[in-house]
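Below is one structure, written out as structure tokens; the observations come after it.
As the structure is a prediction and not an experimental result, all values here were calculated from the model.
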Amino acid sequence: MTFDAYIFDLDGTLLDTLPDLHVNVNEALARKGFAPRSLEEVHSFIGNGALALVWSCVPEGTSQKDVDEVYELFCSLYKEYGMNLTKPFEGIPEVLETLKDKGAKLGIVSNKFDAGVKAVEARYLPGLFGCALGESTEVPRKPDPTGLLKCAQELGVAPEKCVYFGDSASDMRAAHNAGMYAAGCTWGYPSLDMLKEGEPDVLIDSPAQIATVSR
């Protein structure tokens, strides 16, 4: 294999989480008395973390206090409403098993809040990853490279021996900022043109191509 570590974004790359994000954020909005958002609206808002999603979903002019309360509801309701409709994209579990069997180290770095990352990983992709990180006080949102560098360190692999897979321009920029190879996954949520804005080193069109990526 060209790389010692294969690190992945989560939502839109490994897992189709959009249906659950839609349900979860609307439940949080409803409990604050705000109107729901459509699936298409939520789709257009995702990619920059849960707090950014909440900011996009609340009515214009909502106070910081109310935004914070909706965000707290979103996080607290996640285990109840955030994972029931989620599923891995077709072929993802098999390619991850193949990589692990070949000795590759696997990691996740996501803009999803950290507890959500760990919960969904444990439920849908258990036992595969040596490191799984979400947004926290120690891991700022991508394209900041802190999470990717921390993941590489925990896996014991130099950044230049890592490839990072993601579906957004911010994922690609985070990989470049961390000195990693940037692989753009075209089956994710942003459009292809938006993904290309991050200047991926390579584009792949199906999970089956993950194991074949090389410099």
Checklist entry - Do Phe74 and Tyr81 have ring centres separated by under 6.0 Å? => result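 For Phe74 and Tyr81, the ring centres are not under 6.0 Å apart.
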
Nearest-0.5 Å distance that lies between atom [atom1] in [X] and atom [atom2] in [Y]:
X      : Y     : atom1 : atom2 : value
Ser76  : Arg31 : OG    : CZ    : 7.5 Å
His43  : Glu40 : NE2   : CD    : 9.5 Å
Leu125 : Phe8  : CG    : CZ    : 10.0 Å
Phe89  : Leu15 : CZ    : CG    : 7.5 Å

Heavy atoms of other groups near [X] [atom1], more than 12 under 6.0 Å:
X      : atom1 : value
Lys79  : NZ    : no
Glu90  : CD    : no
Gln64  : CD    : yes
Lys32  : NZ    : yes
Gln153 : CD    : no
Glu41  : CD    : yes

Checklist entry - Can you get from Val202 to Leu99 by hopping between Ile, Leu, Val, Met, Phe, Trp and Tyr side chains that sit under 4.5 Å apart? => result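 Yes, Val202 connects to Leu99 through the hydrophobic network.
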
Checklist entry - Are Leu195 and Val213 in one and the same hydrophobic cluster, where Ile, Leu, Val, Met, Phe, Trp and Tyr link if side-chain heavy atoms are under 4.5 Å apart? => result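 Unlinked, Leu195 and Val213 end up in two clusters.
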
Checking side-chain polar atoms at under 3.5 Å, does [X] have a donor or acceptor matched by the opposite partner on [Y]?
X      : Y      : answer
Asp114 : Ser136 : no
Gln209 : Asp205 : no
Lys100 : Tyr6   : no
Thr146 : Asp144 : yes
Lys161 : Tyr181 : no
Asp171 : Ser168 : yes
Asp16  : Tyr189 : yes

Main-chain N/O of [Y] paired with [X] side-chain donor or acceptor, under 3.5 Å:
X      : Y      : answer
His22  : Thr17  : no
Thr13  : Leu10  : no
Arg141 : Asn48  : yes
Tyr78  : Leu73  : no
His176 : Pro143 : no

Checklist entry - Can you tell if the side chain of Lys112 reaches within under 4.5 Å of the side chain of Asp11, non-hydrogen atoms only? => result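 Yes, their side chains come closer than 4.5 Å.
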
Checklist entry - Salt-bridged, Asp9 to Lys142, with N to O below 4.0 Å? => result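 Yes, this pair counts.
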
